[in-house]
Amino acid sequence: MGESTAVLVPVAALQGESLSEAVLDLLSSVEVVLLGYHEVPDQTALEQARDRYGERLRRTLTAYTSLFEPDAEGVTTRTVFTHDAQATIERIAIEEETTAILLVNPAPVVERVLVPIRGSVNLDQLTTTTGEVVDGTDSEILLFHAARKEADREAGEGLLSTAADQLATAGVDPERIDTEVRVTRSPLRAITTAADNAEFVIIGERKPSVTDRIFGDVADRLAASTAGPVLVVRKLRSAAG
């Protein structure tokens, strides 16, 4: 899909999963692969499901696509019937070479974006994607790091400083960027607590999805415990070394 940021947006269209206007605004600066999927029971043949629901799914996805017009950089659509939505979403993210995957939750407004940074792995891709997603918005950005002990605070502050500099270089007004290091024995709890004060979370994947399923990471627990959408920035193979 080229070198610009591309986001896979999976929607369970036949279940009426919705995309808020605030999320559409955040995606207006990036390319979008809109995936309409329908998960069926193992005992139901996929061909049977396609015959029964295929036209309805395509019509519904067309309605979703119209929500992005005319602001989106470009919208590609795909429909799929599957017995395993998680695995299918990851496979299509690889096939389409998307930069990130959106875990859809409603967000009426997006005034504050939380970016948890767990380490230097995938940092460049994370800040590049964040810069493109917030482009054209007034959203504030909180760069957040959870350190396990006080001795790690300085390293965390350095990590966030690097991330802030990269965002500023990408054109994000430094006045919109805050940083916070929190020392805690439970990093996940600290991240989810910080997410309570944000409407949108952008988090990096630590390993390529082929070896560590995206939704088996912190991101899925964030999506389950927070009210807003979570954007998972993939660690692309070229960055994996």
Side-chain angles (χ1 to χ4, degrees), residues 1-40 46-47 49-51 53-107 110 122 125-126 128-137 170 200-205 208-210 213-215 219 223 229-239:
M1 292 210 52
E3 296 182 357
S4 60
T5 293
V7 176
L8 179 66
V9 182
V11 289
L14 297 186
Q15 276 69 55
E17 196 164 43
S18 62
L19 296 171
S20 69
E21 185 175 343
V23 172
L24 294 172
D25 286 343
L26 283 171
L27 297 177
S28 66
S29 299
V30 301
E31 295 181 26
V32 170
V33 177
L34 185 60
L35 173 65
Y37 72 92
H38 185 60
E39 189 170 24
V40 298
L46 296 181
E47 189 63 34
R50 277 191 290 268
D51 290 342
Y53 300 110
E55 182 58 32
R56 180 183 165 198
L57 181 58
R58 286 188 289 272
R59 287 198 310 268
T60 305
L61 198 64
T62 298
Y64 277 87
T65 305
S66 66
L67 298 174
F68 290 89
E69 298 173 349
D71 296 325
E73 286 290 309
V75 179
T76 301
T77 60
R78 290 187 64 170
T79 59
V80 65
F81 290 87
T82 178
H83 292 135
D84 186 339
Q86 177 179 316
T88 297
I89 290 168
E90 293 175 12
R91 172 177 59 79
I92 291 176
I94 294 170
E95 291 176 359
E96 296 289 343
E97 299 181 344
T98 57
T99 313
I101 301 175
L102 182 69
L103 308 186
V104 178
N105 276 333
V110 177
N122 208 24
Q125 188 66 63
L126 180 59
T128 297
T129 299
T130 299
E132 292 200 24
V133 167
V134 302
D135 183 41
T137 76
F200 195 85
V201 179
I202 304 177
I203 190 167
E205 174 197 21
S209 58
V210 290
R213 294 165 72 89
I214 289 172
F215 299 104
V230 177
L231 186 67
V232 184
V233 178
R234 298 178 55 222
K235 186 173 185 296
L236 304 180
R237 293 189 183 195
S238 59

Note, [X] side chain near [Y] side chain (heavy atom, < 4.5 Å):
X	Y	value
F68	L34	yes
I94	R234	yes
H38	R56	no

How long is the gap from [atom1] on [X] to [atom2] on [Y], to the nearest 0.5 Å?
X	Y	atom1	atom2	answer
L67	T62	CG	OG1	11.0 Å
L19	L24	CG	CG	5.5 Å
T76	L35	OG1	CG	11.5 Å
L14	E39	CG	CD	12.5 Å
E31	E97	CD	CD	11.0 Å
F81	L57	CZ	CG	4.5 Å

With V30, the side-chain contact (heavy atoms from CB on, under 4.5 Å) member among V133, L231, T99: V133
Sole residue of I202, V230, V23 in side-chain contact (heavy atoms from CB on, under 4.5 Å) with L102: V23
Side-chain (N122) to main-chain (V233) donor-acceptor, under 3.5 angstrom: yes
Contact summary for P10 and V104, nearest pair of heavy atoms: O-CG2, 3.5 Å
Minimum heavy-atom distance between L126 and T130, given as atom pair plus value: O-OG1, 2.8 Å
Stepwise side chain to side chain contact (heavy atoms under 4.5 Å, CB included) test for L61 and V11: CA-CA 9 Å; L61 198 64; V11 289; 4.1 Å; yes
Residues, nucleotides or ligands: over 12 heavy atoms within 6.0 Å of E21 CD: no
